[in-house]
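Remember, it's 1-based here, ligands and their atoms both numbered in the order they're listed.
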Amino acid sequence: MADAAAKREPDSVGTDELSPKVKRAKADNENSPGEAGKESESENILSGFKTTNVLSDSAREKNIFIHGQIADQDAVVILEKTPIREDTLAEILSGSRLKLEMSNDIYSTYRLQAPPHLNEIKTTVVCPATEKHVKKYQRQESFLVEETGEDYQSITLPYIQKQSFSVQWVYNILEKKAEAERIVYEDPDPEVGFVLLPDFKWDQKQVDDLYLIAIVHQRNNRSLRDLRSEHIPLLQNILQKGKEAILQRYNLPASKLRVYLHYQPSYYHLHVHFTKLGYEAPGCGVERAHLLADVIQNLQSDPHYYENRTLYFPLRADDGLLSKFKEAGRL
Ligand code: DD3
């Protein structure tokens with residue numbers, strides 16, 4: 001099922017001012033996947049993977065998105081090399097095999113074969129994958145859409161209602177049926193409460209690419225568009241308690257965090273992203289990210305701000321919603 005595939009995927013970016021100690025994402029006490037001992041060895045479901053095609057890849061991001069089949073079911077597999085951690089350097093330098101590639105004057109290059117446990121590839125599996133999953137990772141051109149409050153009512157809302165994207169994995173998290181041990185903080189209040197946990201894009205091995213999500217307990221808000229002044233206490237609670245929890249757990253102050261919502265979101269259950277400043281997380285650009293602090297202020301000055309404002313966002317060429325905007329003559 002969808003949540004059985006819940007693994008992870010990262011990205012990297014350098015940082016500075018934090019001491020090496022703090023740069024390790026987790027202390028030594030808990031279940032970070034990859035820590036010897038707690039790790040569960042799973043049978044290799046990928047040994048029978050039959051590749052159909054490569055959806056996209058990036059030499060810079062060192063990842064590849066593959067479409068294929070596992071036992072006659074469609075699957076998407078994401079492979080990604082992870083950043084080199086400072087606390088593994090000693091072992092990498094002393095415990096590896098070196099193969100000389102070339103030598104010239106004071107310059108030489110090598111291929112270094114690190115010990116297997118320091119040479120892991122972060123792997124995300126979506127199986128069975130729907131056509132939407134496959135499309136999501138196919139390289140695509142995108143177009144900026146202008147959505148008025150009325151467009152939302154007449155075009156976007158009917159479209160997302162008809163799609164009924166499954167958010168079962170979100171309910172699994174809220175009900176502790178999946179990822180319960182990954183929860184960093186929870187406020188159980190049904191009105192203003194939320195669950196804060198690492199997004200699975202983050203492998204939690206270093207704070208440089210910290211990425212957490214706060215998922216609200218309330219189930220009646222689809223996105224930024226649904227927010228009204230009555231949600232200010234909820235949003236303030238997420239901002240304040242989320243920052244406190246991240247300071248406690250990762251020793252990262254609020255001044256190092258980018259806290260925002262996506263519009264359009266990739267799933268229609270209200271959630272907030274927490275990423276480290278300096279890490280260019282996918283979707284943190286101005287065309288998609290709305291800073292939570294701004295959202296709160298906008299709602300304070302106009303209770304219906306997000307009901308009425310024109311919102312701009314990019315849609316990929318193959319997105320069904322883009323066709324709807326075209327049909328309506330809005331593009
Ligand atoms: C998703 C957006 C959603 C494919 C992929 C990702 N963080 C998740 C399930 C569990 C999770 C996430 C949908 C899906 Cl690759 C389709 O993301 C998740 N668990 N972003 C966490 N912690």
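Atoms of ligand 1 lying under 4.0 Å from any heavy atom of I213, numbered from 1 in the order shown and given with element: 7 (N). If you number the atoms of ligand 1 from 1 as listed, the ones under 4.0 Å from a heavy atom of Y267 come out as 2 (C). Here is the list of ligand 1 atoms found below 4.0 Å of a heavy atom in H133: 4 (C), 16 (C). Under a 4.0 Å criterion applied to the non-hydrogen atoms of R182, ligand 1 contributes the atoms 22 (N).
No side-chain N or O of Q73 forms a donor-acceptor pair with one of Q69 less than 3.5 Å apart. For the residue pair D203 and Q206, a side-chain donor N or O sits within less than 3.5 Å of a side-chain acceptor on the partner. Side chains of E186 and H217: a donor on one and an acceptor on the other come within 3.5 Å.
Ligand 1 has an N or O atom lying under 3.5 Å from an N or O atom of E179, backbone or side chain. Every N/O-N/O distance between I173 and ligand 1 stays at or above 3.5 Å.
If you look at Y211 next to ligand 1, there are no close heavy atoms at all, none under 4.0 Å. Counting heavy atoms under 4.0 Å from ligand 1, residue V76 does not touch it at all. At a 4.0 Å heavy-atom cut-off, ligand 1 does not touch A178 at all.
Across F165, W169, W202, Y137, heavy-atom proximity to atom 15 (Cl) of ligand 1 is greatest for Y137.
A heavy-atom distance below 4.5 Å is found between the side chains of K324 and K162. Here the side chains of L234 and F194 are not in contact, with every heavy-atom distance at 4.5 Å or above.
The existence of a salt bridge linking E175 and R219 is confirmed by a sub-4.0 Å separation between a basic side-chain nitrogen and an acidic carboxylate oxygen. Under the 4.0 Å criterion applied to side-chain N and carboxylate O atoms, R228 and E230 are not assigned as salt-bridge partners.
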